[in-house]
Amino acid sequence: MDMTKWLDEQGNLLGDVTLPSDELLTTMYAEMKRGRMIDTKMFKMQRQGRMALVAPVSGQEAIQVASALVLNKEDWMAPSYRDSVATMLHGMPLENIIRYFKGYSDGGGAPEGVNVLPVQIIIAAQMLHAVGVAFASKIKGDSARTITFFGDGATSQGDFHEALNFAAVYKLPVVFVCQNNQYAISTPVRKQMNTDTIVERAKAYNMAYEYVDGNDVLACYDVMKRAYDKAQNGPVFVEAVTYRLGPHTTSDDPKKYREQIEEEQWQQKDPLVRMRAFLTARGLWDEAFERAIEERASAEIEEAVAKIEETPPPTLADMLEKVYATPPTLIQEQIDGLRGNA
Amino acid sequence: MDMTKWLDEQGNLLGDVTLPSDELLTTMYAEMKRGRMIDTKMFKMQRQGRMALVAPVSGQEAIQVASALVLNKEDWMAPSYRDSVATMLHGMPLENIIRYFKGYSDGGGAPEGVNVLPVQIIIAAQMLHAVGVAFASKIKGDSARTITFFGDGATSQGDFHEALNFAAVYKLPVVFVCQNNQYAISTPVRKQMNTDTIVERAKAYNMAYEYVDGNDVLACYDVMKRAYDKAQNGPVFVEAVTYRLGPHTTSDDPKKYREQIEEEQWQQKDPLVRMRAFLTARGLWDEAFERAIEERASAEIEEAVAKIEETPPPTLADMLEKVYATPPTLIQEQIDGLRGNA
Amino acid sequence: MSEKTIVQAINEALFQAMEHDDVVLLGEDVATNGGVFRVTDGLKEKYGAMRVIDTPLAESGIIGTAVGMSVNGLRPIAEIQFFGFIYEAMDQMVSQATRMRYRSNGRFHAPIVVRSPYGAGVNTPELHADSIEAIFSHSPGMKIVMPSSPYDAKGLLLAAIEDPDPVLFLEPMSIYRSVREEVPDEAYTVTIGEAKIVQAGSDATIVTWGPPVVWLQQVVEEYATNGVSIELIDLRTVAPLDIDTIVASVEKTERLCIVHEAVKTNGIGAEIAALVSERAIFSLVGPIKRVTGFDSPYPAGTIERDWMPNPSRVKTAIDELLTYE
Amino acid sequence: MSEKTIVQAINEALFQAMEHDDVVLLGEDVATNGGVFRVTDGLKEKYGAMRVIDTPLAESGIIGTAVGMSVNGLRPIAEIQFFGFIYEAMDQMVSQATRMRYRSNGRFHAPIVVRSPYGAGVNTPELHADSIEAIFSHSPGMKIVMPSSPYDAKGLLLAAIEDPDPVLFLEPMSIYRSVREEVPDEAYTVTIGEAKIVQAGSDATIVTWGPPVVWLQQVVEEYATNGVSIELIDLRTVAPLDIDTIVASVEKTERLCIVHEAVKTNGIGAEIAALVSERAIFSLVGPIKRVTGFDSPYPAGTIERDWMPNPSRVKTAIDELLTYE
Ligand SMILES: Cc1ncc(C[n+]2csc(CCOP(=O)(O)OP(=O)(O)O)c2C)c(N)n1
Ligand SMILES: Cc1ncc(C[n+]2csc(CCOP(=O)(O)OP(=O)(O)O)c2C)c(N)n1
Ligand SMILES: [Mg+2]
Ligand SMILES: [Mg+2]
């Protein structure tokens with residue numbers, strides 16, 4: 001299987017390609033860096049007891065940034081729990097992400113106009129929602145496309161199969177982005193499936209597909225643009241080969257199942273390092289640029305955290321009010337009890 | 001996709017092949033004919049109000065007979081509701097089949113030594129049981145193989161995907177036999193999936209596969225023998241292209257969704273007619289042979305029906321005793337109530 | 001106004017609902033075939049294959065797709081061919097549809113209707129007749145509607161389609177065609193969540209829903225002939241429960257018998273009994289009776305009539321209740 | 001004999017069970033990783049990858065495979081990583097494992113054990129903490145075991161593995177490591193289906209299971225200091241219910257409070273209340289109280305403590321019960 005690659009591990013361009021604008025190139029890097037910083041910060045906050053549980057994105061920024069950059073505002077995103085870099089770039093406020101991982105019950109609510117579904121915990125369930133959202137677009141005749149993210153492990157679930165089949169049968173405008181980060185918690189891809197690549201699966205539905213170096217943001221952008229365009233006429237499957245540099249979540253210890261040497265090899269392929277080398281060679285990166293991104297991201301994080309610390313989490317009564325449009329009698333009694341007006 | 005075929009629609013041999021023994025050839029025909037007669041009889045009994053609901057096999061006898069003939073006694077079969085020709089040939093008594101479709105709660109119990117799982121109503125659920133049975137064989141180190149039957153519609157279920165993936169990952173001794181009879185109730189294959197053949201699916205798991213004319217019993221036997229042998233080392237997927245000549249069940253009216261011309265075209269491909277022509281040409285069939293099969297089958301059916309009419313169905317109390325190994329207190333109370341010794 | 005069966009009433013409701021462009025229908029064999037019970041007959045011909053959709057054979061796919069459609073502005077009506085097959089879609093029902101509203105902090109919701117024929121008595125193979133509504137009543141976020149008459153079926157279905165929350169709409173297949181009554185030809189709604197007092201009475205209360213409503217009317221009449229006045233309540237909606245109507249009745253009659261076609265243990269009868277024993281125990285003069293299915297899977301056709309609640313079991317329970325003062 | 005946590009007790013039980021060649025273990029991350037809670041740690045190293053099996057990420061696949069294995073003579077122990085993920089395997093649990101015996105007229109049965117950590121209070125993301133045992137109690141054919149102590153956990157797990165019926169074995173993750181007690185080092189069993197009277201009493205009965213057993217002991221002690229004698233029953237098995245122990249207690253104490261971490265509506269508390277109101281209503285001097293979760297999905301971490309039953313809500317209920325004579 002040929003993998004789409006634009007950069008080698010040193011950040012050198014492979015072959016003859018038409019590059020995006022310098023602005024877009026630096027945006028790609030800046031967004032990856034911003035994602036990395038937010039991720040690192042949330043991880044630290046969790047260790048300090050200020051977050052409930054965090055699923056780190058570090059290492060997977062390239063495909064997420066590229067995916068979000070090809071979308072238009074009206075397009076839809078159906079994420080898993082490890083896609084905050086993508087969802088933020090599509091408009092989900094950082095504040096929501098942090099609130100979600102702090103265990104606040106309101107973190108999942110995208111603002112009006114931001115078409116991001118709430119964080120999905122159940123592996124592959126969001127893929128069917130993406131199918132439904134895309135189906136609605138097709139029925140309504142609007143031109144929005146839907147993108148959904150999932151991991152290598154998700155490919156084993158029944159919902160994965162049903163989603164791909166429905167999308168193929170109805171030729172829906174949906175892009176399935178599989179972030180193959182080599183592991184489902186401790187389970188390596190070779191125990192998850194009997195094939196060398198995941199795109200093999202797409203062929204079984206007669207679906208267009210792309211196979212890309214998920215740590216090469218230029219290749220990811222190229223592939224995602226193509227996938228986005230093709231998706232107008234039917235589903236596209238993208239396998240982005242990447243690696244999660246950190247643990248599965250803040251509760252996980254990868255030493256139980258990964259060799260250190262493997263982790264080091266993948267650190268060499270860090271999408272940020274590679275893109276920075278490329279930009280540097282083209283004169284698009286310097287220390288000042290890096291500082292500027294860092295300062296912006298730090299400020300952004302501090303602002304979000306400050307805002308959150310001012311806004312208490314919803315109470316149980318608040319949450320009970322969100323189960324139905326109008327709480328039925330027995331629930332209203334429970335709400336009244338909590339609000340002290342029973 | 002090349003389809004394995006031995007006979008043309010007139011029953012002429014295609015190409016140069018080594019034929020099974022005359023005895024086996026006539027057995028194949030005799031078993032198909034027996035299956036057809038039983039099917040027809042059960043259908044009539046349902047129309048007379050003597051059966052609850054029947055799922056006719058007519059048209060699909062070739063692949064079922066071939067599948068059963070390649071098995072050894074210790075091999076396992078995990079059927080759906082439309083596989084009685086195969087299960088009978090593997091040892092399930094005709095009496096059980098009739099009892100099942102009469103709505104008796106004991107029809108599903110194969111005798112000791114007959115490794116046939118009970119009729120499965122939930123589409124594709126039996127495929128996972130087949131995987132588990134085969135996994136147990138592998139763990140125990142015995143050489144039994146497991147065969148499971150399912151339809152074209154079943155390929156859309158999550159369980160189908162999970163079963164194929166598990167079998168491929170663990171290289172289990174299981175043969176997946178898909179009887180592609182063109183419809184899932186009213187839904188034609190082209191609305192069920194976006195591919196021309198179902199074997200495309202097998203490739204997605206890097207699984208061995210066969211694609212066969214399911215109305216050609218010689219080709220089916222050839223393919224099933226090969227599949228059986230290969231299954232020693234890992235799963236094999238077989239797509240048998242066939243057609244159900246009758247309705248989905250006795251409650252269904254195919255006129256709502258099938259053209260008469262299509263039905264007539266498939267009647268031309270009837271596996272019995274074709275095999276009879278082949279045998280006739282080789283001097284292996286005559287009217288006397290046909291009468292003998294018919295008489296044997298009629299006698300067999302009458303005997304089974306008579307026996308059933310002598311043996312009343314299990315009572316509710318009998319059934320309640322079969323839910324747990326030993327009924328818990330609250331169920332025992334219900335049993336006692338029914339037995340009048342409360 | 002004209003006489004209609006439940007199947008006809010539902011079919012008519014679907015025709016009327018689909019006049020709204022955002023209503024779509026999906027499921028196995030619902031389009032070309034018009035459904036295995038012909039409940040959706042004619043809809044594809046009128047509204048086209050883009051809005052009346054035959055799906056691949058995958059229940060999780062059906063419900064998950066419906067959830068996604070609803071998030072993007074449609075009002076999908078999904079059919080599960082027989083209720084026993086809902087287990088395949090369990091996560092999409094219970095962890096997805098029900099939770100979209102709170103999970104997205106109110107930004108999205110999933111106003112889907114899941115229609116399914118259910119229930120006992122038509123000699124089907126296993127898993128075609130199970131009454132498993134209680135499983136969903138333990139999963140807040142969904143409403144569960146179970147009409148027992150053509151009038152209610154039409155009005156409640158139209159209400160379900162308008163409802164902003166996911167609604168599980170269960171159609172009693174044993175009386176699909178056997179019950180007929182006058183049903184308005186135009187669209188109307190019946191309020192979800194309100195029980196109906198089918199027969200007012202003062203000596204005992206029977207709470208039930210679905211097909212037993214039909215035969216219990218005869219039981220109640222028999223008692224009336226003998227001077228015993230039984231109140232018969234058809235819940236119509238089993239989640240949320242109309243507990244006020246139940247409690248008011250028990251306060252009046254002092255005797256409660258619950259009748260349902262589901263397995264006894266942890267059926268909705270259990271919750272009703274628990275609520276009454278929490279809220280109105282001092283009104284009761286005797287035990288709370290449940291006349292229900294047995295504690296086994298729904299059985300094969302030859303014994304289903306013994307498994308189901310029936311007039312004689314109900315009378316035994318009522319007669320006992322009447323002995324208490 | 002030595003002090004063990006619940007995790008240690010279960011791990012030890014698994015080591016001992018696997019001495020039998022027919023016992024195999026399968027699930028997501030159970031082998032190399034030893035389980036996300038390390039409950040299966042060391043087993044793969046000792047018994048090998050053919051008997052301690054990391055599976056692909058597919059719960060229906062796991063349970064369906066286990067059912068098939070059990071039919072072919074093995075005794076599989078399947079892990080569902082967190083109980084909220086069981087919905088994916090709903091059909092295999094409820095329509096397959098539970099029905100293998102009667103469906104095959106006794107020829108086959110499915111002696112699987114499905115282990116899963118469940119329950120409230122450790123600040124997990126959603127669907128990691130739901131207590132949905134009641135869904136399975138409505139589906140006859142399965143036993144449901146929910147130990148609250150290391151001793152019971154080990155003995156009940158070994159009993160579950162020996163049991164000829166499918167057993168759902170739910171492990172209380174909030175007290176996985178916080179409760180310790182002396183546990184025999186050798187193998188032993190605790191009988192499935194028998195409740196345990198943790199504290200005998202005469203003024204009121206509390207029926208509960210799982211983690212509340214731990215903190216309710218303090219509540220009961222407090223009452224004892226004030227001269228009120230509360231009987232505390234740990235069900236340990238919630239299906240089948242040990243109704244005789246409950247009824248005997250209520251006949252003695254005349255007051256019943258049920259405490260559970262599941263959603264209130266149609267929780268197992270409902271069935272207990274219904275059974276008592278059917279069998280022992282004349283013994284009661286007051287309403288049957290249920291102190292439970294609220295009628296919503298299990299909530300996010302910041303509000304889970306308000307959602308769960310707690311000592312203060314239990315005391316309010318008991319205090320009210322004590323006012324009735
Ligand atoms: C249905 C379901 N089963 C199991 C889990 C527990 N779980 C959470 S993440 C995970 C691994 C997912 O792997 P993959 O799909 O590769 O995504 P990644 O975490 O690597 O991004 C598992 C098993 C779950 N959340 N949902
Ligand atoms: C999970 C589930 N969903 C739906 C059904 C209803 N149903 C019974 S048979 C059938 C069609 C099956 O088609 P296919 O797999 O092609 O097998 P065939 O009947 O053609 O042999 C359907 C939808 C069912 N039994 N189980
Ligand atoms: Mg992964
Ligand atoms: Mg078919």
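Sequence lines set the chain letters: A, B, ... in the order given, protein chains first and strands last, and positions in each chain run from 1.
- Interface remark: Val94(D) contributes side-chain atoms only to the contact with chain C (heavy atom separation under 4.5 Å).
- Counting heavy atoms from C-beta outward, Tyr102(D) and Pro297(C) have side chains that approach closer than 4.5 Å.
- Here the NZ atom belonging to Lys264(C) is positioned 13.0 Å from the NE2 atom belonging to His138(D), to the nearest 0.5 angstrom.
- Comparing Pro299(D), Pro140(D), Gly269(D), Gly141(D) by heavy-atom pairs within less than 4.5 Å of chain C, the highest count is held by Pro140(D).
- Contact of Ser296(D) with chain C is made through the backbone alone, with heavy-atom distances under 4.5 Å.
- Atom CE of Met90(D) sits about 11.0 Å away from atom CD of Glu88(C), to the nearest 0.5 Å.
- Side-chain contact check for Arg99(C) versus Leu127(D): some heavy-atom pair is nearer than 4.5 Å.
- In this structure, no portion of Val276(D) lies under 4.5 Å from any heavy atom of chain C.
- Residue contact with chain C, scored on non-hydrogen atoms closer than 4.5 Å, involves the backbone and the side chain of Arg290(D) alike.
- Tyr324(D) touches chain C through its side chain: at least one heavy atom from C-beta onward sits under 4.5 Å away, while N, CA, C and O do not.
- Proximity to chain C (any heavy atom under 4.5 Å) is shown, for Ile86(D), by neither the backbone nor the side chain.
- Side chain of Asn266(D) to backbone of Asn266(C): a donor-acceptor contact under 3.5 angstrom is found.
- Rounding to the nearest 0.5 Å gives a distance of 15.5 Å between OG of Ser95(D) and OH of Tyr298(C).
- Smallest separation of non-hydrogen atoms from Ser139(D) and Ile135(C): OG-CD1, 4.4 Å.
- Of all non-hydrogen atoms in Phe282(C) and Gly286(D), the two that sit nearest each other are CZ-CA, 3.7 Å.
- Comparing Ala273(D), Ala300(D), Ala239(D), Ala270(D) by how many heavy-atom pairs each has under 4.5 Å with chain C, the most go to Ala270(D).
- Atoms CG and CD, on Asp91(C) and Glu59(D) in that order, are 9.0 Å from each other to the nearest 0.5 Å.
- Rounding to the nearest 0.5 Å places OG of Ser277(C) at 8.0 Å from CG of Leu284(D).
- Of all the listed residues (Met93(C), Gln92(C), Glu126(C)), the one sharing the greatest number of non-hydrogen pairs under 4.5 Å with chain D is Glu126(C).
- For chain D, the option among Ile132(C), Thr265(C), Ile281(C), Leu275(C) with the highest count of heavy-atom pairs below 4.5 Å is Thr265(C).
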